Amino acid sequence: MMSMTFEVSSSVTLLFDFWNVQGPGGMVLSVFVVLLLTVFYEFLKVWKVWLATCSKLSQPQSPYAVNMSSHSGCSSVLDSAPSESSLTPIEPPSPSPNTRKSWLLHGIQTVLHMIQVTLGYMLMLCVMSYNTWIFIGVIIGSALGYFISFPLLGQN
């Protein structure tokens, strides 16, 4: 039966039977691989946020949207709001290339989400090996990935 407490050891089996670590060299390599997977996981999170931001920027604004922050009183908001007759649709919009682009972005986001969830569960299972070195690799990889990737969100 597997130990349910953290232990400092140079032998562990990670995720699959073929990833059986025996010795310090294998442990160092395994910690490095887990660290890189965790950094990649953080980059995936940033990439998903960046794609979501891009897809929101590419969507046209509704002509019926009222900017609430520019009006000081309720009466001025009512005066500037479109009338009920102008809100009735005249004809449905035809599919545009912009719609295809939004579906493509949504598909990419879905694939990235699947990869992110799978990788997250795999990293969780690595931590659940209760090996202290693997746990430290995941924590340092997460911190390093966050430190490197999240400033990229501010750049355009």
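From a predicted model like this one, the values you see are computed outputs, not experimental measurements.
- The ring pair (Phe, Tyr, Trp, His ring centres under 6.0 Å) contacts involving residues 134-155 comprise F6-F135, Y146-F150, where partners must be two or more places apart or lie in separate chains.
- Sorted by first and then second residue, the pairs that involve residues 108-120 and meet side chain to side chain donor-acceptor pair (under 3.5 Å), not counting sequence neighbours, are K48-H113, K48-Q116.
- Residues that satisfy the ring pair (Phe, Tyr, Trp, His ring centres under 6.0 Å) test with Y121, not counting sequence neighbours, are absent from this structure.
- For residues 131-145, there are no salt bridge (Lys or Arg N to Asp or Glu O under 4.0 Å) pairs, not counting sequence neighbours.
- Here salt bridge (Lys or Arg N to Asp or Glu O under 4.0 Å) pairs that include residues 6-29, with residues two or more places apart or in two chains, number zero.
- T132 is linked by a side-chain hydrogen bond (donor to acceptor under 3.5 Å, both in side chains) to nothing, counting only residues two or more places apart in sequence or in another chain.
- Counted by atom type alone, Q22 and S10 present zero donor-acceptor pairs between their side chains at under 3.5 Å.
- Here S30 pairs with W19 under the side-chain hydrogen bond (donor to acceptor under 3.5 Å, both in side chains) rule; sequence neighbours left out.
- Applying the side chain to side chain contact (heavy atoms under 4.5 Å, CB included) rule to F40 yields the partners L44, I115, L119; only residues at least two apart in sequence or on another chain are considered.
- In terms of the ring pair (Phe, Tyr, Trp, His ring centres under 6.0 Å) criterion, Y41 has no residue partners (sequence neighbours excluded).
- Every side-chain hydrogen bond (donor to acceptor under 3.5 Å, both in side chains) that T13 has, sequence neighbours left out, goes to N20.
- A search for side chain to side chain contact (heavy atoms under 4.5 Å, CB included) contacts involving V12 returns L14, V21, M27, S129, N131, not counting sequence neighbours.
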